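Fair warning: this is a prediction, and the values are worked out from it, not measured in the lab. Residue numbers start from 1 in every chain, and the chains themselves are labelled A, B, ... in the order their sequence lines are given, proteins ahead of strands. What's counted below: heavy atoms across the whole structure, side chains too, no hydrogens, waters or symmetry copies.
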Number of protein chains: 2
Amino acid sequence: MASAKMGSMSRSEPLRSRNAEQKATDVLPPPEQHARQYAAVRSAHETELIEDYVELIGDLLEHSGEARATDVAARMGVSQATVARMVRRLNELGYVSNEPYRSLFLTEEGRRMAAWSRERHAIVLQFLRALGVDDATARIDAEGVEHHVSEKTLELMQRFANERDRGT
Amino acid sequence: MASAKMGSMSRSEPLRSRNAEQKATDVLPPPEQHARQYAAVRSAHETELIEDYVELIGDLLEHSGEARATDVAARMGVSQATVARMVRRLNELGYVSNEPYRSLFLTEEGRRMAAWSRERHAIVLQFLRALGVDDATARIDAEGVEHHVSEKTLELMQRFANERDRGT
DNA sequence: CGACAAACTTAGCGAGTGCTAAAAAATTTT
DNA sequence: AAAATTTTTTAGCACTCGCTAAGTTTGTCG
Ligand SMILES: [Mn+2]
Ligand SMILES: [Mn+2]
Ligand SMILES: [Mn+2]
Ligand SMILES: [Mn+2]
């Protein structure tokens with residue numbers, strides 16, 4: 001194979017066939033495409049924290065039957081004040097339903113987001129472990145990586161993890 | 001192989017050997033460890049933008065010989081005012097050296113960061129392509145993922161990409 | 001019941017990152 | 001060299017997400 005779509009090279013191939021380093025940054029993408037890359041990252045960062053809060057609240061509800069702000073704060077590693085403000089925002093966004101001074105619940109929409117985040121998180125984690133990463137490191141990396149992985153990539157990660165688990 | 005370092009399991013293995021779903025979230029990590037995961041993500045986010053700016057400036061210097069604020073703005077997809085403020089900050093942090101109204105240069109420290117970021121970025125990108133992700137998607141995912149990948153994971157990604165490139 | 005502790009809320013500060021609008025400097029064109 | 005254009009900087013606004021400090025509410029326990 002050695003070269004998917006030729007056309008730009010009429011005859012004198014540089015001989016060092018292609019990969020062998022390839023630099024990946026031998027040439028910069030056109031400015032607009034480049035900008036779209038960064039825009040995607042900025043966009044992911046807008047929802048990242050929200051997803052983690054919703055996912056965590058869902059996990060707490062599921063595992064301990066109740067999601068209290070203190071526990072969220074402890075697990076997020078932030079102050080209760082920070083959690084309080086975030087909870088208000090999640091409520092306004094329609095993910096959390098709660099009464100003052102009472103513990104937290106997810107709306108239908110919140111439950112949907114929690115389920116999806118949890119699934120995505122699990123796939124990334126299993127993938128990293130299948131790759132050979134130790135558990136503690138995999139958990140840390142997964143927490144950050146999960147928000148930046150497209151569905152296409154996720155699909156491939158899942159396939160890889162599954163194949164690695166049985167024989168192939 | 002099936003189990004690298006045993007020792008924690010003296011005899012009564014849970015029989016449903018292990019993987020087979022495993023849920024990954026069957027049980028939550030202890031609060032302090034959980035908090036450390038999120039802390040790592042927050043920490044990564046602090047340097048993320050800085051790394052991308054420095055990497056981009058380095059790339060521009062290398063590819064077009066000059067790094068102008070306009071080009072940085074165009075490629076980042078951000079206003080020139082945003083770039084100007086960020087450049088001042090990068091200067092204060094010791095990554096960029098520049099004169100008013102002149103184009104941008106990297107300090108020794110900045111060059112180190114650019115080189116390392118570029119390398120890490122390239123490995124993640126090559127890895128995603130090796131996994132089977134199409135180029136455009138791989139570029140987008142890599143831009144976000146690169147900042148959340150530990151050295152251990154990076155090492156494994158590189159190995160995977162290399163193996164996939166030749167035979168195995 | 002009353003007191004004390006724990007949990008939650010609110011107010012206000014600081015840093016970071018986006019924006020627009022307007023001014024200043026540099027560059028290019030005429 | 002003057003004018004026009006482009007580039008850079010500055011000022012000021014908005015929003016997010018940390019924090020501490022101070023107040024409210026709730027829950028527990030003697
Ligand atoms: Mn998560
Ligand atoms: Mn991120
Ligand atoms: Mn990068
Ligand atoms: Mn990046």
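Proximity of a side-chain donor or acceptor of B:Arg120 to a complementary backbone N or O of B:Glu146 within less than 3.5 Å is detected. Looking at B:Ser117, its side chain never comes within 3.5 Å of a backbone N or O of B:Ala114 through a donor-acceptor pair. At least one donor-acceptor pair under 3.5 Å links the side chain of B:Ser64 to the backbone N or O of B:Leu60.
Considering only residues two or more places apart in sequence or on other chains, A:Thr137 meets the side chain to side chain contact (heavy atoms under 4.5 Å, CB included) condition with A:Val133, A:Asp134, A:Asp141, B:Ser150, B:Lys152, B:Thr153. In this structure B:His34 satisfies the ring pair (Phe, Tyr, Trp, His ring centres under 6.0 Å) test together with B:Tyr38, sequence neighbours excluded.
Two residues, B:Asn98 and A:Gly77, neighbour DNA chain D, and the one matched to the more 5' nucleotide by heavy-atom proximity is B:Asn98.
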Show me the side-chain donor-acceptor pairs of residues 85-101 of chain A shorter than 3.5 Å, one per line, residues at least two apart or across chains.
unit_1, atom_1, unit_2, atom_2, d
A:Asn91, ND2, A:Asn98, OD1, 2.6

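Residue contacts for B:Thr82: at a heavy-atom cut-off of 4.0 Å it reaches a base atom on one of the strands shown.
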Scan nucleotides 21-24 of chain D against the protein and return all N/O pairs shorter than 3.5 Å with their distances rounded to 0.1 Å.
unit_1, atom_1, unit_2, atom_2, d
D:dT24, O2, A:Tyr101, OH, 3.4

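Contacts of residues 83-91 of chain B with DNA chain C (heavy atom under 4.0 Å): B:Arg85, B:Met86, B:Arg89.
Taking every nucleotide of DNA chain C with any atom under 4.0 Å from a non-hydrogen atom of chain A, the first and last of them, 5' to 3', are C:dA7 to C:dG18.
For B:His45 and B:His148, the gap between ring centers is short of 6.0 Å.
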